[in-house]
Amino acid sequence: MSELKVYNSYSREKEIFKPITPGHVGMYVCGPTVSGESHLGHARPYITFDVIYRYLTHLGYKVRYVRNITDAGHFEEEGRAAEDKISKKAILEKLEPMELVQKYTNLYHWAMAQFNTIPPSIEPTATGHITEQITMIQKIIDAGYAYEVNGSVYFDVKKYAEGHDYGKLSGRIIDDLLETTRTLEGQEEKRDRADFALWKAAPPEHIMHWPSPWGEGFPGWHIECSAMSNKYLGEQFDIHGGGMDLLFPHHESEIAQSTICNGKNPARYWIHNNMITINGKKMGKSYNNVIKLTELFSGDNPVLEKAYHPMVIRFFILQTHYHSTLDFSNEALQAAEKGLRRLWEAYENLGKLEIPDNTTAGDKELDEKVKKLVNEFDEFMNDDFNTAKVLANMFELAPVINSLKDKIIPISALSQDTFNLLKEKFGLYIEDILGLKSVSAADNDKLKGVMELLIEIRKEAKGRKDFATSDRIRNQLSAMGISLKDEKGGGMSWTVEAS
RNA sequence: GGUACCGUGGCCGAGUGGCUAGGCAGAGCUCUGCAAAAGCUCCUACAGCAGUUCGAAUCUGCUCGGUACCUCCA
């Protein structure tokens with residue numbers, strides 16, 4: 001079997017994956033800032049890294065998956081910042097900071113569960129690790145790479161760049177960074193415009209602040225990930241992941257901080273997923289084109305033609321390699337919806353098939369083809385987690401499976417070994433590694449009983465050519481979102497559309 | 001402006017220099033009381049120009065177009 005190769009953003013090359021400690025993998029993924037509702041953009045990294053986590057686990061690694069919650073910082077409740085400053089009443093009505101954070105954390109967890117992502121091993125919060133961050137900042141100050149001004153602490157990028165390669169990860173040229181003409185608010189305190197905050201003094205009206213050696217304030221954005229990854233995964237760990245937009249300045253700064261504190265790049269492999277775009281534009285606050293996950297699932301957004309099932313989103317994302325941009329459109333999602341349904345039906349059909357013992361391949365060519373398609377699953381995943389190719393092979397297998405089920409191809413065309421391999425790997429991949437689930441709604445026993453009754457009545461009606469009755473049953477059910485299909489050989493199957 | 005990346009058939013999207021990716025849509029056929037589903041078949045593209053090569057979607061250069069990052073961002 002081929003070795004796992006991953007594209008390392010740091011070296012810009014595909015590298016063979018070798019963990020620091022054999023048999024173990026430490027993976028840190030930048031989590032969301034919970035100052036607002038999770039949106040479609042959040043779906044991409046967490047589904048991508050969920051599959052990576054699942055695959056590494058499948059390979060036999062014991063993976064410690066750490067994904068943080070950014071719940072500290074200078075955020076305010078959406079759309080209320082301005083009035084808060086002038087209205088005492090608004091201040092009274094405002095949610096407690098932690099109440100706000102809890103609300104959006106809960107929503108995020110709920111959405112991640114909808115996507116069938118496995119919760120991380122550790123999910124540390126920034127507010128829960130203030131002391132660790134302060135300790136780290138102090139270490140950087142002591143090392144001479146940070147300075148304090150008016151209760152805020154900044155990282156001295158210019159000094160760091162003298163002896164280190166600041167900008168390597170993101171392909172930045174340090175001189176350009178130092179000379180950028182862009183002017184931003186509140187930068188007078190910095191010695192150099194490329195410097196970034198490790199600690200910010202909090203103005204009195206600020207909603208979140210903690211005591212520190214430099215006064216009341218809150219941690220800078222980059223330090224939390226360094227502090228928490230260090231705490232739970234050590235000075236150097238295997239994989240650091242996140243969205244491509246975090247390359248600079250976030251991950252670049254993390255490398256700088258950790259290098260000063262621990263003398264090394266914190267991660268061996270930097271993995272970044274690309275962005276989701278809408279009509280060719282990145283989805284983001286600044287573009288005002290954000291689709292919240294709750295809206296996506298309910299269809300309640302002007303750009304959405306309908307609601308989309310979380311599994312459709314998951315499938316849609318996995319149909320593209322994680323390193324490519326993924327353009328969102330109703331057309332593309334609806335295509336994904338149909339594709340997933342077809343694939344899943346084939347999978348269910350496969351589950352119902354049985355093969356007699358000691359069958360030898362009656363159709364050698366087909367047998368070989370099936371074997372090849374199945375074995376390529378591993379190869380494709382080993383090639384930088386190419387889920388798109390795995391799915392393509394599954395689609396190639398679908399007609400074979402359906403033909404076996406309809407007896408267009410006799411089951412004896414395949415050898416017992418090949419059939420078992422197909423059954424085992426298809427299930428392993430589609431459910432355990434890709435993490436897909438059925439989109440059709442609830443199986444419950446009472447409904448099943450009712451359906452069996454209706455099917456029996458319809459069969460009887462058809463038997464006496466009472467098509468008015470048989471069509472009435474099918475049509476009425478269809479109107480309720482239950483589709484009945486006549487199968488070859490007189491059987492009937494039914495599926496309930498997800499509401 | 002600087003730095004990266006990208007430009008694939010109606011749409012979405014894989015892609016290792018030579019061999020039909022795949023999905024959705026569309027057309028035809030088979031099956032079927034009808035329908036749906038399923039199966040089979042068809043639809044063979046790689047922004048433009050030049051170059052390297054026996055051979056390029058894949059390498060090089062230029063042109064055009066697009067996106068991202070440089071600011072909070074997944």
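In what follows, chains carry the letters A, B, and so on, assigned in the order in which the sequence lines appear, proteins first and then strands, with residues in each chain numbered from 1.
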Just call it for A:Ile276: base, sugar-phosphate, or nothing, with non-hydrogen atoms closer than 4.0 Å on any strand. base
Applying salt bridge (Lys or Arg N to Asp or Glu O under 4.0 Å) as the test, list every pair that has at least one member in residues 388-408 of chain A; sequence neighbours left out. A:Lys405-A:Glu487
Using the C1' atoms only, state how far B:G23 lies from B:A45, rounded to an integer number of Å. 16 Å
C1' gap between B:G66 and B:C24, integer Å: 24 Å
Would you give a per-nucleotide map of nucleotides 32-40 of chain B, 5' to 3', where B means the base has a protein non-hydrogen atom under 4.0 Å away, S means only the sugar-phosphate does, and - means neither? -BBBBSSSS
Got a sec, which residues hit ring pair (Phe, Tyr, Trp, His ring centres under 6.0 Å) with A:Tyr269, two or more places apart in sequence or on another chain? A:Phe17
Please name all residues satisfying ring pair (Phe, Tyr, Trp, His ring centres under 6.0 Å) with A:His250, sequence neighbours left out, ordered by chain then number. A:Trp221, A:His222
Atom NZ of A:Lys281 to atom C1' of B:C69: distance rounded to whole Å? 14 Å
Is the distance from OP1 or OP2 of B:A68 to the nearest side-chain N or O of A:Thr277 less than 4.0 Å? no
Using a 4.0 Å heavy-atom cut-off across all strands, classify A:Lys282 as base, sugar-phosphate, or nothing. base
Please state the C1' separation for the pair B:G65 and B:A74 - nearest whole angstrom. 27 Å
Separation of B:C72 C1' from A:Phe248 CZ (nearest whole Å): 14 Å
Residues in ring pair (Phe, Tyr, Trp, His ring centres under 6.0 Å) contact with A:Tyr429, at least two apart in sequence or another chain: A:Phe377
Work out how far the P atom of B:C12 is from that of B:C46, and round it to whole angstrom. 16 Å
Expressed as a whole number of angstroms, how long is the span from A:Leu169:CG to B:C69:C1'? 12 Å
Between A:Lys306 and A:Glu337, is there a salt bridge with N-O shorter than 4.0 Å? yes
Residue set satisfying ring pair (Phe, Tyr, Trp, His ring centres under 6.0 Å) with A:Tyr65, at least two apart, ordered chain then number -> A:Tyr53
Tell me which of A:Asn273 and A:Asn393 sits closer to the 5' end of RNA chain B, going by the nucleotide each one is nearest to. A:Asn393
Just checking, A:Arg172 and A:Phe248: is the charged tip under 6.0 Å from the six-membered ring centre and within 45° of the axis? yes
Could you tell me how far apart A:Arg341 (CZ) and B:G22 (C1') are, to the nearest whole angstrom? 19 Å
Considering only atom P, compute the distance from B:U44 to B:U20 and round it to an integer number of Å. 13 Å
Whole-Å distance, A:Leu107 CG to B:A74 C1', equals 17 Å
Measure from CG on A:Leu326 to P on B:G23 and round the result to the nearest Å. 18 Å
Protein-nucleotides 4-6 of chain B N/O pairs under 3.5 Å:
none

Go through RNA chain B and write down every stem, that is, every run of at least three consecutive Watson-Crick or G-U wobble pairs with distances under 3.5 Å, as range with range. B:1-7 with B:64-70, B:10-12 with B:22-24, B:26-30 with B:38-42, B:47-51 with B:59-63
Rounding to an integer number of Å, can you tell me how far A:Glu337 CD sits from B:A25 P? 11 Å
Is it true that A:Asp156 and A:Arg191 make a salt bridge, defined as a side-chain N closer than 4.0 Å to a carboxylate O? yes
Consider the side chain of A:Thr320, meaning its heavy atoms from C-beta on, and name the nucleotide among B:G23, B:G13, B:A74 that approaches it most closely. B:G13
Any ring-ring contact (aromatic ring centres under 6.0 Å, His included) pairs touching residues 31-50 of chain A, not counting sequence neighbours? A:His39-A:His42, A:Tyr46-A:Tyr108
Does any donor atom in the side chain of A:Thr325 or A:Asn274 lie under 3.5 Å from an acceptor atom in the other side chain? no
I'd like a list of close polar pairs between nucleotides 15-20 of chain B and the protein, N/O only, cut-off under 3.5 Å.
{"unit_1": "B:G15", "atom_1": "OP1", "unit_2": "A:Asn386", "atom_2": "ND2", "d": "3.3"}

Touch class at under 4.0 angstrom, heavy-atom based, for A:Met283 against every strand present: base
Residues at least two apart in sequence or cross-chain that pass side chain to side chain contact (heavy atoms under 4.5 Å, CB included) with A:Pro124, listed by chain then number, are A:Val66, A:Asn68, A:Ile122, A:His129, A:Met228, A:Tyr232
How close or far is atom P of B:A74 from atom CG of A:Asn289, stated in whole angstroms? 14 Å
Taking the same atom, C1', in B:U16 and in B:G55, what whole-Å distance lies between them? 16 Å
Among all residues two or more places apart in sequence or in another chain, which pass the side chain to side chain contact (heavy atoms under 4.5 Å, CB included) test with A:Thr495? A:Ser483
How far does the P atom of B:G2 sit from the matching atom of B:C59, given to the nearest Å? 25 Å
What I want to check is whether the side chains of A:Tyr308 and A:Asn330 have a donor and an acceptor closer together than 3.5 Å. yes
Which value, in whole Å, describes the distance between the C1' atoms of nucleotides B:G28 and B:C43? 11 Å
Using the closest heavy atom to pick a nucleotide of RNA chain B for each, name whichever of A:Ala336 or A:Leu40 lands nearer the 5' end. A:Ala336
Between A:Tyr154 and A:Asp192, a side-chain donor and acceptor under 3.5 Å: no
Can a salt bridge be assigned to the pair A:Lys372 and A:Glu376 using a cut-off of 4.0 Å between side-chain N and carboxylate O? yes
Check whether A:Phe467 forms a cation-pi arrangement with A:Lys462 (NZ or CZ under 6.0 Å from the six-membered ring centre, at most 45° off the ring normal). no
